[in-house]
Amino acid sequence: MDICIKSGSPDKQRTACVIVGVYEARKLSFAAALIDRAANGYLSDVLKCGDMEGKLGSTLLLHAVPNTLCDRVMLVGLGKELEFQAKEYREVIRASVKSLAKTSASEAVSYLSEITIKKHNVEWMIEQATVATLDVMYRFDRFKSKIDDSLCALRKLTLTVSRRTDLAVGVKGLARGLAIASGMRFAKDMGNLPGNICTPTYLAESAREMATQLGAEAEILGESEIRALGMGAFLSVSQGSDEPPYLIVLKHYGAKDKQVRPVVLIGKGITFDTGGISLKPGEAMDEMKFDMCGAAAVLGAFRAVAEMKLPINLVAIVPACENMPSGHAIKPGDIVTSMSGQTIEILDTDAEGRLILCDALTYAERFTPAAVIDVATLTGACIVALGHVLSGLFSNHDALARELLEAGEVVGDRAWHMPLNEEYHEQLQSPFADMVNFGGRPAGSITAACFLSRYAKAYDWAHLDIAGTATRTGKDKGATGRPVPLLVQFLQARANPALAKVVRRKSG
Ligand code: BES
Ligand code: MG
Ligand code: ZN
């Protein structure tokens, strides 16, 4: 779908549909008032009938509005004017696009992007509207043998800015929104693909192809190289599977200097998690094809950053493998040695995410990173704690945690700061090795993060547990593309030369 920017009067738009907002208490937005004036009070009369109260996200489609050049006018409820903020804005954009997609209009001009919100500029308004629109329009129908084209005719949406002088920043916001949406689409596609197609090999090939397209560097390490690095924890997970593992490394050098310390993103890339010998129950096991959503989000964020040509150095690392039961699989009680040299007693083969991530965290040290953020569908316990609303955020550095929370806030992809107190480490004690990989049910997402923290001592580190936020279940089952928006916003803030401190690599 095409999205464009323009400015102009709503009654003068020759289009299939003009979209304008109405606050509660039937108060017309500025654009709606312009149409109302041209139409001699037609909108006010309609509102008096009581069919549109201005409730947040409600819509009403009007045809043949007098003295306009459009086929339809869509009224969208904005809720209470004083409560209209970023969250409400995203919600009305989504509601308008959902409603528009049900009509036969193939194009529309939306004036919702002209509404002003405290603390947010035109660039942000357009960026957020673009992301929300493309998110709503996303379909995954690759495996449907018949696609019903009549389902949605919408091909083009024009977002307006109130002044001609705002067009240039509008276009900048559009470019950013398109890049974020493209990263989210990549993440959703990868997540939604079934495990028999999205294997570690497929993930590696897709990452390589993407890097080539973007002019970024890709390094894909195979099993023998992974073994040579001493990644015993990573390999212990993959050993039960017939699919070969890969360590995917992508590099974007956007900063002035290649020597500027990069941000490293690490994504959990379990292309299917059966639990291994500690086999999961059958119910909803299909959803374990989503266990590579951390990898997908990291690659998606990488894509957005490279498309935007952000002036930042960024490395994406994805350990990719399957977790399967077999005669070769790792067993409870087995002890493995991680790349860091720390030994791990594997009590539960279903706690595999931390095993592949710990070696990736050690590998990240070679980049002398400015910060490392790992993203993983790590624990069911995180869903119990935060549901599908907030991602769990853990960090060994409060300032980094604050940056990530703030980034999530700005783009409506929020996280919650969780604790990593020393006391939780007691649950990881092993009588036989340096630690166990499973600390029992209590505080499951915290002990998983504590485990990871033991491999992230060399740098500022944060961990996002996205077990709940990466997917939707039920009738809308599918990948959400989160936390691509949070990650891109964080990197954007870091890349801003006015804010970013240029810290050079240590020599040697
Ligand atoms: N991939 C799962 C976590 C998960 C569960 C993600 C449900 C999304 C939805 C992870 O590998 C896992 O199995 N975790 C176990 C950990 C336990 C054995 C310590 C869990 O959450 O039960
Ligand atoms: Mg598991
Ligand atoms: Zn898993």
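Quantities reported herein were computed from a predicted structural model and do not represent experimental measurements. Counting convention: from 1, in listed order, for ligands and their atoms alike.
Judged by a 6.0 Å distance limit and a 45° cone about the ring axis, Lys188 is positioned over the six-membered ring of Tyr138. Cation-pi check for Lys258 over Tyr253 is met; the charged atom lies under 6.0 angstrom from the ring centroid and within 45 degrees of its normal.
Angle NZ (Lys268) to the Zn ion (ligand 3) to OE2 (Glu352): 90°, rounded to 10°. Rounded to the nearest 10 degrees, the angle O (Asp350) to the Mg ion (ligand 2) to OD2 (Asp273) equals 170°.
Here Asp291 does not reach the Mg ion (ligand 2): none of its N/O/S atoms is less than 2.8 Å from the metal. For Asp291, the nearest N, O or S atom to the Zn ion (ligand 3) falls under 2.8 Å.
Nearest to atom 22 (O) of ligand 1 among the protein's heavy atoms is Arg441 NH1, 3.4 Å. Summary of contacts: the protein heavy atom closest to atom 21 (O) of ligand 1 is Gly380 N, 2.6 Å. Looking from atom 19 (C) of ligand 1 to the surrounding protein, the closest heavy atom is Phe438 CD1, 3.0 Å.
A distance-only check finds a donor-acceptor pair linking the side chain of Asn396 to the backbone of Ala456 [under 3.5 Å].
Here the shortest heavy-atom distance to atom 8 (C) of ligand 1, taken over Met288, Arg354, Glu352, belongs to Met288. Closest heavy-atom approach to atom 12 (C) of ligand 1 among the candidates Val384, Asp348, Asp350: Asp350.
For the pair Ser395 and Trp461, the tightest heavy-atom approach, listed with the atom from each and the gap, is OG-O, 2.7 Å.
Taking the Zn ion (ligand 3) as reference, Asp273 places its N/O/S atom OD2 nearest.
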